[in-house]
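Heads up, the thing below is written out as structure tokens.
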Amino acid sequence: MADPNDANFYNPADLESRWQKKWDEDGLYHSDIDPKRPKYYALTMLPYPSGDLHIGHWYAMMPPDARARYKRMQGFNVLFPMGFDSFGLPAENAAIKRNIHPKTWTYANIDKMRGQFRSMGAMFDWRREAVSSDPEYYRWTQWFFLQFFKNNLAYRKMSPVDWCPNCNTTLAREQVWGDDRHCERCNTPVIKKNLEQWFFRTTQFADELLDYSKIDWAERVRVLETNWIGRSEGALVRFKTECGEEVEVFTTRPDTLWGVSFMVLAPENPLVNKIATAEQKQAVTEYVNQALRQSDIQREATDKEKTGVFTGGYAINPVSGEKVPVWIADYVLMTYGTGAVMGVPAHDQRDFEFARKFGLNIRVVIQPEGLDALDGKDLTAAVPAYGVMVNSGNLTGTPADEAKKAAIVFVEKLGVGKASTNFRLRDWLISRQRYWGAPIPMVYCPICGTVPEDEANLPILLPDDVEWKPTGESPLKLHPTWKDTTCPQCGAAAVRETDTMDTFMCSSWYHLRYLSPHYAEGPFDPKEYAYWMPVDIYTGGIEHANMHLIYTRFFHKALHAIGILPDTEPMIVLRNQGMVLGEDSEKMSKSRGNVVAPDKLVAQYGADTVRAYLMFFARWEQGGPWSSTGIEGSARWMRRVWSLFTDPASGGKPDPEMLQSIRRKLHQTLAGVTRDFENLEFNTIISALMELLNELMRAKQAGVAYTPVWKEVLEIYALMLAPIAPHMAEELWQRMGKPYSIHQQHWPVVDQAAAADDMITLIVQVNGKLRDRISIPVGTGDEDARHIALASDAVQKALEGKQPRQVIVVPGRLVNIVA
RNA sequence: GCCGGAGUGGCGGAACUGGCAGACGCGCACGACUCAAAAUCGUGUACCCUCGGGUAUGUGGGUUCAAUUCCCACCUUCGGCACCA
């Protein structure tokens, strides 16, 4: 039986490469505008061209490929493109290590990966490939930058920014991770530097980014992003100081305003110098210097004891007229709110610790319901709960549910404050001091100042001849001539911006470039946009929740505001796959030695088996550990499917009841597989097909194979297999004498009548415990079911002569007898 | 500390709307085929048991005729945020 020369032997290596070649030649997976068919844009996150596809890429791409194929069979005109996010640091690091040009390294990797992609049997339309480091691509990345600049959505400012000392570049706030504040790429803890950098006004769209009402995005992503954006509602309140300067604070608890017993400024706050008195100046300066020397990690450690210094100055509480001391302390951050807070020690734990440490007054102004009357002197911790206002002037007695609003109305009436909303989200820092990225198309002119490059001059090409050793300065700055240019406005000698753009800029709009990757009149062809956009389903890793996924939505919202895009959302549905772990249930890594290499698996089992196993082994959105014995099960299934179609069947008399039951199982399975494909529940698709196969294998030995039903069975089985194992399905389809290609066939339609059960198993319980199962016809009435159940011997025995007190009948399912 | 997810056999995992817990697969055991092995096929496989049954979905409560599913508290674990006013 296992003779490789036998035409009936399953030989994936042979048939997979054969069909891949044919599909390629025939352009089977080309997607072109077709107004007669509904479109479906299925998008999977594009990879960085590291040079090797790992099993994680397969997991991210193959189940979505199967679903895209299924959608196509359903009659949709499906666009399922692929490309490369090919700018970025690893190319430079490889160049430094091996002395290869980053461009050479990148494009060699892309070539290799295209070949690997082909071996997957995916339906990518390669004519639509987009490569972000191609000048015809980054020309438009630069063009988008200019649109942002011209519409005041890009700006340059000097500020303390996160710097990765290993990558030698600044990072966006989103790229700094964890409690040690490390670089997302290389895990090195970042440091702060004061630098002039380019930013995008992402914060301007914070509220819009929080609105998910028009899109169906995975809940966990929405939660992560909502936390990240960090909206809080409150009020801005201005306090006058004795020196004449005003200090504005943001508070979420305006109801506690009468409890202010001090104020605190961030050490970096420019007001510090003005408010500090001569006697305190030295102490203040010392504290500020010490705070600036500390790293963020030291400074922001929450378990650290509070420190601070009195400025000598006083502020006036605008609601009570009371004089309160102004302090500086490093627990107040310059980067959030106004860089100053009002100290309400009775109702804020941080303020409480500060007040206790420095002997400041603690006054209770909120009395939560159900607690004994509070007294500041006795408190051991702050009481943040809401409650009735006390000791609060004419607002005393205001109940909890009105207190906040009433306080805001009050400060508005006094003209010292207003309602306000604050976000944790920061503007997106996009400058990078590295070579392998799109140059920022700006020019610094001694006469005109900061000037955007002419759109006609795009792309501003990256020079090939650079020294890319990392110095902390952009390699473009060190190039002898590249930065020299003339001012686009006045023609004077000027210099270019030498930083390049964050690669997240490139990936914020690649889904638009796929529409028309060689279009020269704009970033995308509007005709293609009108037909294909928005993306119907977007899939990828969840690690991008607070980076790429926020940025790409920002792009759409900003470009919509400018009038370039008609939509405010790029992707309607978002789903995220889990991670394939090593066999030891740990994250795969070279150092652990638990890495699974897909190329080897394809050589050993064929792509179809790898695809099937990736769909089967875990819930796709959850992921799980790889199993090298587990994949044997999928390989076995493939071989059994093969033999179902190709091995001779035994004869015999077909039993009509069996034929009916086979058709029922077939159409029930089809209904389940269809539903599961819609819901991306890939693992149960495979198990349903395995279950059906098991039944078919038995039927085949019972004479069913020589009936018309068997033809229907094989046809539908092959069609259901087509999205999962495209090569084998095509081969079997051909051997059945069906017209090429199976991938152009329509998804089979469920025969509801055939799928309907005629008998059901009635579950009979006594006091909730299973006592009997009785087969009864579908449609048996509740009364009949009740009688049948009560007549059961097992029930009578379990009742032990007791009378049923209650009988619950769930139609078509179950009878529960309570005695 | 705050926010969110997850805890089901030896293992990966099923269970659509509160209604048969453990589908499907791996592993294991036994059997068939074989000189033998591999492959393949078949049978069995949660736990306990006095063979009547009994107990089981992280733990403890609750709601219900009925809970893996709903509610409350807790434990473990994973992820995110964290002196964000």
Side-chain angles (χ1 to χ4, degrees), chain A residues 1-2 177-179 219-228 230-232 234 249-253 256 264 266 299-304 306 329-333 335-344 347-351 353-354 422-426 542-543 545-546 583 585 613 616-619 621-622 624-634 636-637 639-640 643 671-672 675-676 679 681 683-694 697-698 701 761-770 772-773 797-798 804-810 812-819:
Chain A
M1 181 174 142
W177 285 13
D179 38 5
E219 159 102 18
R220 47 188 180 154
V221 171
R222 296 204 315 262
V223 168
L224 287 179
E225 291 190 352
T226 303
N227 284 344
W228 182 260
R231 184 180 205 273
S232 34
V249 298
F250 173 74
T251 176
T252 54
R253 294 298 301 273
T256 64
V264 193
R299 194 172 145 177
E300 291 176 10
T302 46
D303 50 358
K304 195 187 81 170
K306 295 276 177 294
D330 63 6
Y331 81 89
V332 177
L333 310 174
T335 47
Y336 184 79
T338 61
V341 303
M342 59 187 212
V344 187
H347 305 292
D348 181 283
Q349 185 59 25
R350 296 154 301 183
D351 297 344
E353 286 163 20
F354 194 75
N422 236 301
F423 296 93
R424 225 186 60 91
L425 184 73
R426 306 290 151 81
I542 199 166
E543 67 277 10
N546 288 344
E583 295 210 54
S585 294
Y613 185 62
F616 177 67
F617 84 100
R619 201 189 307 162
E621 295 194 56
Q622 190 177 290
W626 180 263
S627 162
S628 51
T629 50
I631 193 175
E632 296 282 353
S634 295
R636 223 166 274 160
W637 175 54
R639 286 196 294 269
R640 279 163 58 84
S643 79
R675 187 193 62 220
D676 290 348
N679 299 333
E681 285 162 2
N683 53 341
T684 45
I685 291 173
I686 307 294
S687 55
L689 288 174
M690 286 174 167
E691 209 178 321
L692 175 60
L693 179 73
N694 290 343
M697 287 299 243
R698 280 191 291 273
Q701 304 313 320
T761 303
L762 184 73
I763 301 308
V764 183
Q765 299 179 331
V766 176
N767 293 329
K769 281 185 182 134
L770 178 73
D772 205 356
R773 297 165 212 232
K797 196 173 161 206
R805 282 187 291 127
Q806 197 188 350
V807 179
I808 283 132
V809 181
V810 182
R813 276 183 187 273
L814 161 151
V815 175
N816 188 12
I817 297 154
V818 187

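Chain naming here is simple, since letters A, B, ... match the order of the sequence lines and numbering starts at 1 in each.
With sequence neighbours left out, A/E225 forms a salt bridge (Lys or Arg N to Asp or Glu O under 4.0 Å) with A/R553. Among residues two or more places apart in sequence or in another chain, the side chain to side chain contact (heavy atoms under 4.5 Å, CB included) test is passed with A/L224 by A/I542, A/A545, A/N546. With sequence neighbours left out, the side chain to side chain contact (heavy atoms under 4.5 Å, CB included) criterion links A/S232 to A/F250, A/T252, A/Y336, A/N422. Remark: A/R424 pairs with no residue by the salt bridge (Lys or Arg N to Asp or Glu O under 4.0 Å) rule, at least two apart or across chains. Remark: A/D772 engages A/V764, A/I774, A/S792, A/A794 in a side chain to side chain contact (heavy atoms under 4.5 Å, CB included) (not counting sequence neighbours). Remark: A/R640 pairs with A/L693, A/N694, A/M697 by the side chain to side chain contact (heavy atoms under 4.5 Å, CB included) rule, at least two apart or across chains. With sequence neighbours left out, the ring-ring contact (aromatic ring centres under 6.0 Å, His included) criterion links A/F617 to A/Y59, A/Y613.
Of the two residues near RNA chain B, A/N227 and A/G337, the one whose nearest nucleotide lies more 5' is A/N227.
One can place CG of A/N679 at 15 Å from C1' of B/A14, the figure rounded to the nearest angstrom. Atom CD of A/Q622 and atom P of B/G12 are 11 Å apart (whole Å). Taking atom CG on A/L224 and atom C1' on B/C3, their separation rounds to 9 Å, with Å as the unit. In this structure, CH2 of A/W637 is placed 20 Å from C1' of B/A39, rounded to the nearest angstrom. For the pair A/I685 CD1 and B/G13 P, the interatomic distance rounds to 17 Å; values are reported in whole Å. Between the C1' atom of B/G80 and the CD1 atom of A/I542 lies a distance of 9 Å, rounded to the nearest Å. Atoms CZ (A/F617) and C1' (B/G13) sit 11 Å apart, rounded to a whole Å. Taking atom CG on A/N767 and atom C1' on B/A66, their separation rounds to 11 Å, with Å as the unit.
Looking at the side chain of A/R619, the nearest of the listed nucleotides B/C65, B/A82, B/A14 is B/A14. Listed nucleotides: B/C3, B/U55, B/C83. Nearest to the side chain of A/K769: B/U55.
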If the sugar-phosphate is the primed atoms plus P, OP1 and OP2 and the base is the rest, what is the B/S/- string for nucleotides 23-33 of chain B, using protein heavy atoms under 4.0 Å? BBSSS------
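At the heavy-atom level, A/R424 lies under 4.0 Å from base atoms of the strands shown. Using a 4.0 Å heavy-atom distance criterion, A/W228 is classed as a sugar-phosphate-only contact. No contact: A/T338 has no heavy atom under 4.0 Å from any strand. No contact: A/R805 has no heavy atom under 4.0 Å from any strand.
Separating the CG atom in A/L814 from the OG1 atom in A/T761 is a distance of 12.0 Å, to the nearest 0.5 Å. Of the inter-residue distances, the one linking A/I817 atom CD1 with A/K769 atom NZ reads 14.5 Å to the nearest 0.5 angstrom. In this structure, OG1 in A/T684 is found 10.0 Å from CZ in A/R619, a value given to the nearest 0.5 Å. Rounding to the nearest 0.5 Å gives a distance of 12.5 Å between CG of A/L425 and CG of A/N227.
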Which atoms of nucleotides 75-77 of chain B (N or O only) lie under 3.5 Å from a protein N or O atom, and what are those distances?
none

Please list, pair by pair, any protein nitrogen or oxygen found under 3.5 Å from a nitrogen or oxygen in nucleotides 16-20 of chain B.
residue, atom, partner, partner atom, Å
B/C20, O2, A/R773, NH1, 2.2

Return the polar atom pairs (N/O with N/O) between nucleotides 44-53 of chain B and the protein under 3.5 Å, or none.
none

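Here, B/C72 and B/A6 have their P atoms 15 Å apart, quoted to the whole Å. Annotation: B/C33 and B/U40 have their C1' atoms spaced 9 Å apart (nearest Å). For the C1' atoms, the distance from B/U34 to B/G44 is 23 Å, rounded to whole Å. Going from the C1' atom of B/C11 to that of B/G52 covers 34 Å, rounded to whole Å. Comparing B/G58 with B/A67, their C1' atoms are spaced 16 Å from each other, to the whole Å. Here the separation of B/C28 from B/G22, taken at their P atoms, is 24 Å to the nearest Å. The same atom, P, is picked in B/G7 and in B/U69; the two are 11 Å apart, to the nearest Å. Rounded to the nearest Å, the gap between the C1' atom of B/A21 and that of B/A56 is 9 Å.
In this structure B/G54 sits in the anti conformation; its chi angle is more than 90° from 0. For B/G52, the glycosidic angle deviates from 0 by 90° or less, giving a syn base.
For the pair A/M342 and A/T251, the tightest heavy-atom approach, listed with the atom from each and the gap, is CE-OG1, 3.5 Å. Between A/S628 and A/E583, the shortest heavy-atom contact is OG-OE2, 2.8 Å. The two residues A/A266 and A/V332 have their closest heavy-atom pair at CB-O, 3.3 Å.
Put simply, the side chain of A/F616 reaches to within 4.5 Å of the side chain of A/M690, judged on heavy atoms. Counting only heavy atoms from C-beta outward, the side chains of A/V344 and A/R253 never approach each other to under 4.5 Å. A heavy-atom distance below 4.5 Å is not found between the side chains of A/I808 and A/Q765.
Every stem involving RNA chain B, taken as at least 3 paired positions in a row under the Watson-Crick or G-U wobble test at 3.5 Å, is listed here: B:1-7 with B:75-81, B:10-12 with B:24-26, B:27-32 with B:40-45, B:46-48 with B:53-55, B:58-62 with B:70-74.
Although no hydrogens or angles enter the test, the distance criterion places no donor-acceptor pair under 3.5 Å between the side chain of A/D348 and the main chain of A/G343.
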